[in-house]
Amino acid sequence: MSFDVVVLGLGYVGLPLAQQAVRAGLSVAGFDVRPDVVAGLQAGRSHVDDLSDDDVAGMLAGGFTPTTDESLIATAAHAVICVPTPLSEGDGPDLRAVTGATAAIGRNLRTGMLVVLESTTYPGTTDEVVRPLLEELSGLVAGFDFHLAFSPERIDPGNEQFGPRNTPKVVGGYTPACTERAAAFYGRFVDTVVRTRGTREAETAKLLENTYRHVNIALVNEMARFCHELGIDLWDVIHAASTKPFGFQAFYPGPGVGGHCIPIDPNYLSHNVRSRLGYPFRFVELAQEINATMPSYVARRAQNLLNTDGQAVHGATILLLGVTYKPDIADQRESPAEPLARHLQSLGADVVFHDPFVTDWIVPRAGDLRGTVTSADLVILVQKHRAYDADELAALAKRFFDTRGATTVPQAHRL
């Protein structure tokens, strides 16, 4: 059996991509080195937020083939790498999953295939890491015997408006012909394809997108601190500024940033600048410093709220509402809730949590939401899930600290 495409890495990026290709009528294989993930998908079970078990069942009915057998790669016309790139100890990307997937393709690469890297990384990875490994293992030459391109993933878990189909797809090839081959491939199941001059431009575009958000979130988090000290309602300030019909985009403060993209990807760019050019990317590094300190800032604010009422944080029961990195999903990657909980525990607080999407976490779970809100010494809204009526919960609580600007109740304290 042959396939139109094999997707390597069946996580938050690869699985939705595979679904979209199946919906477009392509024959799709999904390769993953995790036997439990593959077995679950073969049984029709989803492990990502954006796809349900019914979605996976529909994919299987459409011919989707999850596998741990890398020999199936040789039967595909296109191979797309969608594996994770976590931070390494030196703040650059850990490329072990990328090189592992690349090696699997290299051992099975055939003349005429298209290989696309979607994993977020530093500029130059496609040309300098992926290409040499593919050529070494296959004996084929990129741009002549096979096509090579980079296309950054733009998956936004939980986004009900934009998904793989209607989010424009950026593609940059090793050669112009590689770009056109990649554009033709994605054009079969993505509405809009945007071509760049090459792989480095496509790699850098993803980093610019997330660095833009990272820096602006840091700006508004810094403003949250001094507005609090000056007695200024920052949420009202943002609302007023947002009425300007041009030149302003609203960003909102919070207890930190989470997910794989915003707190991680800008470091790839900073690391690349430092290692290649020998000087710091100061905007990125300052933004990282500000955003990384927000959980400790929230913990200090919580301590001050209790102290104002004559209660020590040591021994106080503090309830954290919502511990995922985004609202209305179960994804906890890089969530600021975890360092916040650790800071509060280091101050001696008894920390519990509630989240409609999470059953087990680093502190005990509150089974009775309303009861725990009423009895806790302090309730902190960390993530604004739709299931939470912030005004109702704030009215029930002894003290309510809203880090998301969700409440209108007068006695609630806001970030």
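For reference, positions follow the sequence shown, starting with 1.
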State the CD-CH2 distance between Gln332 and Trp361, to the nearest 0.5 angstrom.
8.0 Å

Pairing of Glu136 and Arg107 as salt bridge, 4.0 angstrom limit
no

Examine distances only and state if a side-chain atom of Arg414 and a backbone atom of Asp233 form a donor-acceptor pair shorter than 3.5 Å.
no

Side-chain donor-acceptor contact under 3.5 Å, Asn108 with Glu70:
yes

Looking only at atom types and distance, does a side-chain atom of Arg181 sit under 3.5 Å from a main-chain N or O of Phe146, one as donor and one as acceptor?
no

Establish, from distance only, whether the side-chain atoms of Thr126 and Glu203 form a donor-acceptor pair under 3.5 Å.
yes

Could you walk me through whether Gln19 and Leu51 pass the side-chain contact (heavy atoms from CB on, under 4.5 Å) test, one step at a time?
CA-CA 9 Å; Gln19 181 195 37; Leu51 274 72; 4.0 Å; yes

Would you say that Arg154 contacts Pro168 through its side chain, given a criterion of any heavy-atom pair below 4.5 Å between the two side chains?
yes

Indicate whether the side chain of Thr324 and that of Asp331 have a donor and an acceptor atom separated by less than 3.5 Å.
no

So, Asp50 side chain and Gly158 main chain: donor-acceptor pair closer than 3.5 Å or not?
yes

Let's go through Thr317 and Asp350 carefully: what are the C-alpha distance in whole Å and the side-chain angles of both, what is the deciding distance for side-chain hydrogen bond (donor to acceptor under 3.5 Å, both in side chains) to 0.1 Å, and is it a yes or a no?
CA-CA 5 Å; Thr317 298; Asp350 295 325; 4.6 Å; no

Rounded to the nearest 0.5 Å, how far apart are CZ of Arg342 and CG of Leu344?
11.5 Å

Test Thr293 against Arg225 for side-chain hydrogen bond (donor to acceptor under 3.5 Å, both in side chains), laying out the working first.
CA-CA 11 Å; Thr293 59; Arg225 299 187 186 206; 2.6 Å; yes

Do Phe401 and Val382 come close enough that some side-chain heavy atom pair is under 4.5 Å?
no

For side-chain hydrogen bond (donor to acceptor under 3.5 Å, both in side chains), just list the numbers for His354 and Tyr388, CA-CA rounded to whole Å, side-chain angles, deciding distance to a tenth of an Å, and then say yes or no.
CA-CA 10 Å; His354 181 275; Tyr388 294 144; 2.8 Å; yes

Take Phe150 and Tyr174 through the test side-chain contact (heavy atoms from CB on, under 4.5 Å) and record every step on the way to the result.
CA-CA 8 Å; Phe150 182 83; Tyr174 178 61; over 6 Å; no

Ser27 and Asp4 side chains, donor-acceptor separation under 3.5 Å
yes

Within 45 degrees of the ring normal and closer than 6.0 Å to the centroid, is that where the cationic atom of Arg333 sits relative to Tyr12?
yes

Backbone N/O of Val257 and side chain of Asn291: donor-acceptor pair under 3.5 Å:
no

Please determine whether salt bridge (charged side-chain N to carboxylate O under 4.0 Å, His left out) holds for the pair Arg34 and Asp36, giving the CA-CA distance in whole Å, both sets of side-chain angles, and the decisive distance to 0.1 Å.
CA-CA 6 Å; Arg34 299 168 294 177; Asp36 57 329; 5.6 Å; no

With rounding to the nearest 0.5 Å, note down the distance linking CG in Leu234 to CD1 in Ile238.
4.0 Å

State, with a plain yes or no, whether a side-chain heavy atom of Val298 is found less than 4.5 Å away from one of Thr403.
yes

Smallest separation among heavy atoms of Thr68 and Pro35, with atom names:
CG2-CA, 4.2 Å

N-O pairing of Arg200 and Glu128 below 4.0 Å:
yes

Atom of Leu8, atom of Ala101 and distance for their closest heavy-atom approach:
CD2-O, 3.7 Å

Salt-bridge test for Arg131 and Glu135: reply yes if a basic N is under 4.0 Å from a carboxylate O, no otherwise.
yes

Can any side-chain N or O of Ser346 pair as donor or acceptor with the backbone N or O of His343 at less than 3.5 Å?
yes

Min side-chain heavy-atom separation Leu396-Val379 under 4.5 Å
no

Below 4.0 angstrom, N of the basic side chain to O of the carboxylate: do Lys169 and Asp191 qualify?
no

Nearest heavy-atom contact between Thr179 and Gly172 is OG1-C, 3.8 Å

Is Arg45 paired with Asp53 through a side-chain N to carboxylate O contact shorter than 4.0 Å?
no

Taken to the nearest 0.5 Å, the spacing of Phe400 CZ from Leu305 CG works out to 12.0 Å

Taking only Lys NZ, Arg NE, NH1 and NH2, and the carboxylate oxygens of Asp or Glu, determine whether Asp402 and Lys384 approach each other closer than 4.0 Å.
no

Exam field: side chain Thr175 to backbone Cys178, donor-acceptor pair closer than 3.5 Å:
yes

From CA spacing to verdict: side-chain contact (heavy atoms from CB on, under 4.5 Å), Leu219, Phe251:
CA-CA 9 Å; Leu219 169 64; Phe251 287 84; over 6 Å; no

Contact summary for Pro164 and Val190, nearest pair of heavy atoms:
O-CG2, 3.7 Å

Output yes when a side-chain donor or acceptor of Asn159 lies under 3.5 Å from a complementary backbone atom of Asp156, and no otherwise.
no

Can Thr67 and Asp69 be counted as having a side-chain donor-acceptor contact under 3.5 angstrom?
no

Check step by step if side-chain hydrogen bond (donor to acceptor under 3.5 Å, both in side chains) holds for Asn216 and Gln249.
CA-CA 9 Å; Asn216 280 281; Gln249 180 182 355; over 6 Å; no

May I ask you to decide if the ring planes of Phe185 and Phe189 are parallel, tilted or perpendicular, using 30° and 60° as cut-offs?
perpendicular

As an exercise, state the distance from OG1 of Thr408 to CG of Asp391, rounded to the nearest 0.5 Å.
3.5 Å

d(Met59 CE, Gln20 CD) to nearest 0.5 Å is 10.0 Å

Just wondering, do Leu148 and Val130 contact through their side chains at under 4.5 Å, heavy atoms?
yes

Step by step, would you call Lys326 with Glu334 a salt bridge (charged side-chain N to carboxylate O under 4.0 Å, His left out)?
CA-CA 10 Å; Lys326 282 188 67 177; Glu334 307 296 329; over 6 Å; no

Considering residues, nucleotides and ligands other than Arg213, do more than 12 of their heavy atoms fall under 6.0 Å from its CZ?
no

Less than 4.5 Å apart, side chain to side chain, heavy atoms only: is that true for Leu117 and Val98?
yes

Any donor-acceptor pair under 3.5 Å linking the side chain of Thr125 with the backbone of Thr121?
no

Ser2 side chain to Ala76 backbone, donor-acceptor under 3.5 Å:
no

Worked verdict on Arg370 versus Glu392 for side-chain contact (heavy atoms from CB on, under 4.5 Å):
CA-CA 10 Å; Arg370 291 174 62 90; Glu392 179 186 17; 2.3 Å; yes

So do the side chains of Thr65 and Leu60 get within less than 4.5 Å of each other, counting heavy atoms only?
no

Tightest non-hydrogen contact, residues Ala29 and Phe64, listed as C-CE1, 4.1 Å

Just so I know, are the side chains of Lys206 and Glu153 near enough to count as touching, which here means a heavy-atom distance under 4.5 Å?
yes

Scanning both residues in full, the closest heavy-atom pair of His47 with Val37 reads CE1-CG1, 3.4 Å

